[in-house]
Each structure stands twice: as C-alpha cells, then as structure tokens.
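Here is the structure we will look at, set down as structure tokens.
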Amino acid sequence: MRFDNQTALITGASSGIGDAFARDFARRGADLIIVARRKDRLEALAEEIRSHHDVTVTVIAADLSTPNAAAALAETIGVKDIDILVNNAGFGNIGLVADEDPAPLSEEITLNVLALTQLTNIFLPPMVSRNRGTIINVASTAAFQPIPNMAIYAATKAYVLSFTEALWGELQGTRVKALALCPGGTATEFFDVAGGRVAGGALAPIGDVITSTFRALGKKKTPPSVVVGRLNATMTNIQRFVPRKTIVRATARIFTGGN
Ligand SMILES: NC(=O)c1ccc[n+]([C@@H]2O[C@H](COP(=O)([O-])OP(=O)(O)OC[C@H]3O[C@@H](n4cnc5c(N)ncnc54)[C@H](OP(=O)(O)O)[C@@H]3O)[C@@H](O)[C@H]2O)c1
C-alpha cells in the first residue's frame with residue numbers, strides 16, 4: 001500500500017508502536033506530522049526518516065494528557081487536511097483503584113480516551129468531505145475484558161474499541177476507514193512506563209503490529225478491528241462465550257495474584 005501525497009498525523013511517535021508507524025508510513029510515501037512530549041526523540045526520528053525517504057516530517061512536542069491539548073494541537077497544525085490519523089499515544093498504570101493517585105488517573109483517561117476522541121472529531125469531517133481517509137485508533141487486547149490491577153487502562157481501551165467500531169459503522173458507504181488496532185503484549189517501553197509486568201508471556205515484536213495493521217487496511221473491506229497475533233485473536237473470541245464473572249476471576253488471579 002502506498003500513501004504518496006498523503007499526510008499522516010501520528011501521536012506517540014517518540015517510541016514503540018508510534019515510532020514504527022512513522023517509519024512505515026514514510027516508507028510508503030506519506031508525509032508525517034509526529035507528536036509526543038519528548039522532542040529530542042522526535043527530532044532524531046525525523047532526521048533519520050528524512051535521510052532515507054523523500055517525505056516531509058514535522059515535529060510537534062505536545063502533552064496530550066490535558067483536556068484542551070487536542071484542540072491546541074489542531075490549531076498548531078493549522079490545516080485540517082490530514083489523510084491518516086494514528087491515535088497511538090497512550091499509557092497504563094499498574095495498581096489497584098484504591099491506590100491510584102488522582103493526577104495520573106486523570107492523565108491516563110484524558111490521553112487514552114479524550115484526546116483520541118477529540119482528534120478523531122476534529123480531523124474526521126474533512127476526510128468525510130473528501131471521501132478518503134484512514135483513522136487507526138490503538139486499543140489493546142486489554143479492551144476485551146476487565147483487568148483488576150489495571151482497571152483504568154483496560155476500561156480506556158474498551159472505550160477505544162467500542163468507539164472505533166461504532167465509527168466504522170457510521171462510515172459505511174464512504175471510503176473513510178476506521179480501524180481499532182488491538183495488540184497484545186508488545187516489546188516497547190510500555191511496561192517500563194506502567195511500572196513493570198503483571199502477567200507473563202512473551203512480548204511480540206513491534207513488526208507484528210504493523211504487519212497486522214496493513215494487512216487489515218489492505219483488505220477490500222477493512223474490518224472494524226484487528227487483534228494482533230493468532231493466539232490473541234483466538235483468546236478474545238473464546239472469551240465471548242465465557243461468563244463475565246468467570247473471566248474477571250481469572251484476570252484477577254493473573255493480574256493481582258489474588259484469589
Ligand atoms: N506495548 C504493549 O504491550 C501494548 C499492547 C497493547 C496496546 N498498546 C498501546 O499501544 C500504544 C503505544 O504504546 P507503546 O506500546 O508503543 O508504548 P511506548 O513505547 O511507551 O509509547 C507510548 C508513546 O505515547 C507517548 N505519550 C505518552 N504520554 C503522552 C502524553 N501525555 N502526550 C503525548 N504523548 C504521550 C509517548 O511519548 P512521550 O513519552 O515522548 O510523550 C510514546 O511515544 C498505547 O496506546 C498503548 O496503550 C501497547
């Protein structure tokens with residue numbers, strides 16, 4: 001798939017999955033606007049991409065965990081003709097709800113939910129007018145079940161999945177694509193930020209996430225969501241037939257070591 005003469009806005013591009021998306025969209029011909037807080041990391045990535053590909057890369061340092069951040073970002077960009085929006089910036093804190101500090105709790109919900117929703121709301125209308133565009137919202141396999149000890153994170157990702165699937169429904173009959181991307185555990189800085197790992201299992205390489213995304217986007221009919229990895233896809237499907245209470249008991253055991 002080529003994206004020549006198109007512009008991709010990618011949030012959370014200073015590491016992990018966002019960094020990989022930036023490199024891949026540039027390889028496929030897209031100009032980039034890359035956003036995160038760590039400007040030095042974005043500048044280094046931009047420099048590297050420019051040296052390999054004939055695309056423009058614009059760096060914007062922004063903290064998207066404040067309520068007006070999305071509107072401010074749109075104003076900074078100045079134009080709304082974004083062809084591809086990758087709402088990727090996100091994080092999850094490990095901890096019991098009772099132990100959560102109010103500030104990081106708000107930041108997690110604002111970044112994972114509010115900023116993603118507002119950016120979609122801002123950049124979608126021109127896509128609909130042009131009858132062309134792609135929105136990739138990064139959810140997680142955490143979206144498919146409640147996760148004690150990461151309750152807020154799993155709930156935010158359930159929102160992302162539901163919101164994006166609804167959007168997919170609204171966009172039927174247009175050429176604008178909406179895709180909820182659901183990776184399982186992936187080798188990025190995510191678990192360093194989260195404060196460790198609460199469940200075992202090997203972490204998948206970032207390449208799997210990118211491959212799954214473009215496979216889904218390349219289909220004649222893009223699905224509303226894609227789960228990365230065959231085992232993850234099977235597990236999320238099986239869960240639909242298991243009582244919710246049984247699932248939560250199991251995730252409580254796995255993620256809290258509880259009873
Ligand atoms: N890794 C996994 O196992 C996994 C699994 C499923 C889903 N995901 C999801 O994948 C997405 C990307 O995460 P990742 O795994 O690539 O982790 P990562 O390496 O920690 O990357 C997170 C990115 O989000 C940015 N970010 C964090 N807080 C931000 C803020 N307040 N404002 C703007 N940008 C912010 C970070 O940049 P700065 O720190 O420079 O701001 C970084 O670029 C997240 O939505 C995550 O929930 C990850």
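Whatever order the structure lists them in is the order used to number ligands and atoms, beginning at 1. Small disclaimer: the values here were computed from a predicted structure and weren't measured. Here, residue 1 is the first one in the sequence, and each next residue gets the next number.
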Under 3.5 Å, side chain of T234 to main-chain N/O of R230, donor-acceptor pair present?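 Yes.
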Donor-acceptor pair, N137 side chain versus V160 backbone, under 3.5 Å? no
Name the closest protein heavy atom to [atom], giving the residue it belongs to and the distance to 0.1 Å.
atom: atom 19 (O) of ligand 1; result: S15 OG, 2.7 Å
atom: atom 9 (C) of ligand 1; result: V138 CG1, 3.7 Å
atom: atom 28 (N) of ligand 1; result: R37 NH2, 3.2 Å
atom: atom 35 (C) of ligand 1; result: A89 CB, 3.9 Å
atom: atom 25 (C) of ligand 1; result: G12 CA, 3.6 Å
atom: atom 45 (O) of ligand 1; result: N88 O, 2.8 Å
atom: atom 17 (O) of ligand 1; result: T188 OG1, 3.4 Å

Please confirm whether [X] approaches ligand 1 to less than 4.0 Å, judged on its heavy atoms.
X: D63; result: yes
X: G184; result: yes
X: K157; result: yes
X: A13; result: yes
X: A204; result: no
X: A139; result: yes

Taking atom [atom1] of [X] and atom [atom2] of [Y], what is their separation to the nearest 0.5 Å?
X: E165; Y: L179; atom1: CD; atom2: CG; answer: 10.0 Å
X: H53; Y: D31; atom1: NE2; atom2: CG; answer: 12.0 Å
X: I49; Y: R27; atom1: CD1; atom2: CZ; answer: 12.0 Å
X: T251; Y: M150; atom1: OG1; atom2: CE; answer: 12.5 Å
X: D4; Y: D54; atom1: CG; atom2: CG; answer: 10.0 Å
X: I17; Y: I10; atom1: CD1; atom2: CD1; answer: 12.5 Å

Heavy-atom contacts with [X] under 4.0 Å: which atoms of ligand 1 show up? List them by number with element.
X: G90; value: 22 (C), 24 (O), 44 (C), 45 (O)
X: G185; value: 3 (O)
X: A62; value: 32 (N), 33 (C)
X: P183; value: 5 (C), 6 (C), 7 (C)
X: E189; value: 19 (O), 20 (O)
X: G16; value: 16 (O), 19 (O)
X: F190; value: 1 (N), 15 (O), 17 (O), 18 (P), 19 (O), 20 (O), 46 (C), 47 (O)
X: S14; value: 36 (C), 37 (O), 38 (P), 40 (O), 42 (C), 43 (O)

Of the listed options (F21, Y153, F91, F191), which comes nearest to atom 46 (C) of ligand 1 when hydrogens are ignored and any heavy atom counts?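 The option holding the nearest heavy atom is Y153.
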When you measure from atom 2 (C) of ligand 1 to each heavy atom in T186, I34, D192, which option holds the nearest one?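 Looking at heavy atoms only, T186 sits closest to atom 2 (C) of ligand 1.
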Shortest non-hydrogen contact between [X] and [Y], atoms and distance:
X: K177; Y: L217; value: NZ-O, 2.9 Å
X: N5; Y: D83; value: O-OD2, 4.3 Å
X: C182; Y: F144; value: SG-CE1, 3.8 Å

Could you tell me whether E189 and R41 make a salt bridge, using a distance below 4.0 angstrom between a side-chain N and a carboxylate O?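 Here E189 pairs with R41 in a salt bridge, since their nearest N and O are under 4.0 Å apart.
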Will you find, in the side chains of D19 and S14, an N or O donor that is under 3.5 Å from an N or O acceptor? no
Give the cluster check for I77 versus V35: same hydrophobic cluster or not, with ILVMFWY residues linked at side-chain heavy-atom distances below 4.5 Å.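 In one cluster with I77: V35, yes.
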I'd like to know if M127 and L32 are part of one continuous hydrophobic network [Ile/Leu/Val/Met/Phe/Trp/Tyr, side-chain heavy atoms within less than 4.5 Å]. no
Describe, in one word, how the ring planes of F25 and F3 are oriented to each other, choosing from parallel (under 30°), tilted (30 to 60°) and perpendicular (over 60°). perpendicular
N or O pair under 3.5 Å between [X] and ligand 1:
X: I17; answer: yes
X: S140; answer: no
X: L64; answer: yes
X: T141; answer: no

